[in-house]
Amino acid sequence: MLTLEFGILEFDPSWVGSWTRRSWVSWRSRPGSELFSIVVFGSIVNEGYLNSASEGEEFCIYNRNPNACSYGVAVGVLAFLTCLLYLALDVYFPQISSVKDRKKAVLSDIGVSAFWAFLWFVGFCYLANQWQVSKPKDNPLNEGTDAARAAIAFSFFSIFTWSLTAALAVRRFKDLSFQEEYSTLFPASAQL
């Protein structure tokens, strides 16, 4: 058994993804996705909108397209909430006694993770395209350019983290399928 710092979390390698009863968090489930989504929506919210001296209202740094900023913020916030939802499911997962219910939870994890990988791909392409066609005269002082680039970069990284999450869920599903077959072939009463 591997005990992490301060003995708060313990990981049992015999069951991938399960934490012992003492634990309160399973960070394995979303490798970096929480952080990346915070970076994307945080950078757009903080520095994605600019004020010009000649105009009285704000405009989006991505080619003055408010839909680009809205998409980035919406996907970032919803992805973060999805991470929290599946974090709660990971904490509850060891308490699910039925293998069929566990399979349903893992199948939903596969579908949701693949869906979010697709949404992040769309977001990366959309933000990168709008950034590419942005006019330098709209932002002569280059305000917020680092934040805009960070949002694009972390959108790109999120594609891989959500794809990795889907791959880990597929692996978890295969383990559950094996457990179901094993329990069917060798019932607990026959082992006594």
Side-chain angles (χ1 to χ4, degrees), residues 9 17 24-93 104-170 172:
L9 300 176
W24 55 277
V25 133
S26 170
W27 292 108
R28 179 225 43 90
S29 65
R30 312 266 163 245
S33 299
E34 302 96 344
L35 177 66
F36 293 170
S37 62
I38 290 172
V39 169
V40 170
F41 80 79
S43 61
I44 294 174
V45 167
N46 285 332
E47 297 184 32
Y49 294 94
L50 301 175
N51 293 325
S52 69
S54 60
E55 299 174 24
E57 60 185 60
E58 294 180 332
F59 62 90
C60 180
I61 196 168
Y62 296 103
N63 194 29
R64 292 184 170 255
N65 185 351
N67 294 329
C69 286
S70 297
Y71 185 85
V73 170
V75 168
V77 169
L78 292 175
F80 180 73
L81 293 176
T82 302
C83 287
L84 293 180
L85 175 75
Y86 277 92
L87 180 66
L89 180 65
D90 281 345
V91 169
Y92 180 68
F93 192 79
K104 289 177 187 175
V106 173
L107 280 174
S108 74
D109 192 8
I110 292 169
V112 167
S113 298
F115 177 69
W116 277 107
F118 172 73
L119 286 180
W120 280 115
F121 175 73
V122 170
F124 166 72
C125 293
Y126 187 40
L127 293 177
N129 176 266
Q130 292 300 305
W131 182 248
Q132 180 184 9
V133 297
S134 295
K135 298 166 190 67
K137 68 178 178 121
D138 288 338
N139 189 8
L141 301 176
N142 287 331
E143 297 174 274
T145 56
D146 291 337
R149 289 183 187 123
I152 293 169
F154 282 94
S155 293
F156 181 72
F157 300 149
S158 293
I159 297 167
F160 297 107
T161 59
W162 284 96
S163 299
L164 176 64
T165 301
L168 289 173
V170 168
R172 197 175 190 181

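We number each residue from 1, following the sequence as shown. Note that this is a predicted model, so its numbers are computed, not measured. The basis for the numbers below is simple: all heavy atoms, side chains too, and nothing from hydrogens, waters or symmetry mates.
With sequence neighbours excluded, the residues forming a side chain to side chain contact (heavy atoms under 4.5 Å, CB included) with Leu119 are Tyr71, Phe115, Trp116, listed by chain and number. With sequence neighbours excluded, no residue satisfies ring-ring contact (aromatic ring centres under 6.0 Å, His included) with Tyr49. Leu50 pairs by the side chain to side chain contact (heavy atoms under 4.5 Å, CB included) definition with Phe59, Ile61, Asn139, Glu143, not counting sequence neighbours. Under the side-chain hydrogen bond (donor to acceptor under 3.5 Å, both in side chains) criterion, Ser108 pairs with Tyr86, not counting sequence neighbours. Every residue meeting the salt bridge (Lys or Arg N to Asp or Glu O under 4.0 Å) condition with Arg149, not counting sequence neighbours, appears here in chain and number order: Asp146. Val77 is linked by a side chain to side chain contact (heavy atoms under 4.5 Å, CB included) to Phe41, Val73, Leu81, counting only residues two or more places apart in sequence or in another chain. The side chain to side chain contact (heavy atoms under 4.5 Å, CB included) search around Ala114 returns none, not counting sequence neighbours.
The distance from the CG atom of Asp109 to the CG atom of Leu168 is 9.0 Å, given to the nearest 0.5 Å. To the nearest 0.5 angstrom, Leu87 atom CG is 7.0 Å from Glu34 atom CD. Here the CG-SG distance, from Leu78 to Cys83, works out to 11.0 Å after rounding to the nearest 0.5 Å.
Contact detail for Ala147 and Ser43: the closest heavy-atom pair is O-OG, 3.4 Å. Across Tyr62 and Ile152, no two heavy atoms sit closer than the pair CE2-CD1, 3.9 Å. Residue Leu127 comes nearest to Ser155 through the heavy atom pair CD1-OG, 3.9 Å, listed as atom of the first residue, atom of the second, then distance. Nearest heavy atoms, Ser33 versus Thr165: OG-OG1, 4.4 Å. Across every non-hydrogen atom of Leu89 and Ala105, the tightest pair is CD2-CB, 3.9 Å. Across every non-hydrogen atom of Phe93 and Arg172, the tightest pair is CD2-NH2, 3.0 Å.
Annotation: salt bridge (Lys or Arg N to Asp or Glu O under 4.0 Å) contacts involving residues 67-88, sequence neighbours excluded, are absent. Every pair passing salt bridge (Lys or Arg N to Asp or Glu O under 4.0 Å) that includes a residue from residues 61-76 is listed here, sequence neighbours excluded: Glu55-Arg64, Arg64-Asp138. Listed by first and then second residue, the side chain to side chain donor-acceptor pair (under 3.5 Å) pairs that reach into residues 119-130 are Asn63-Gln130, Asn65-Tyr126, Asn65-Gln130, sequence neighbours excluded.
A donor-acceptor pair is defined here as one N or O able to donate and one able to accept, closer than 3.5 Å; such a pair exists between the side chain of Thr161 and the backbone of Ser158.
Screening Trp162, Phe154, Phe124 for a ring-ring contact (aromatic ring centres under 6.0 Å, His included) with Phe36, the sole residue that qualifies is Phe154.
For Phe118 and Phe121, the distance between ring centers is not under 6.0 angstrom.
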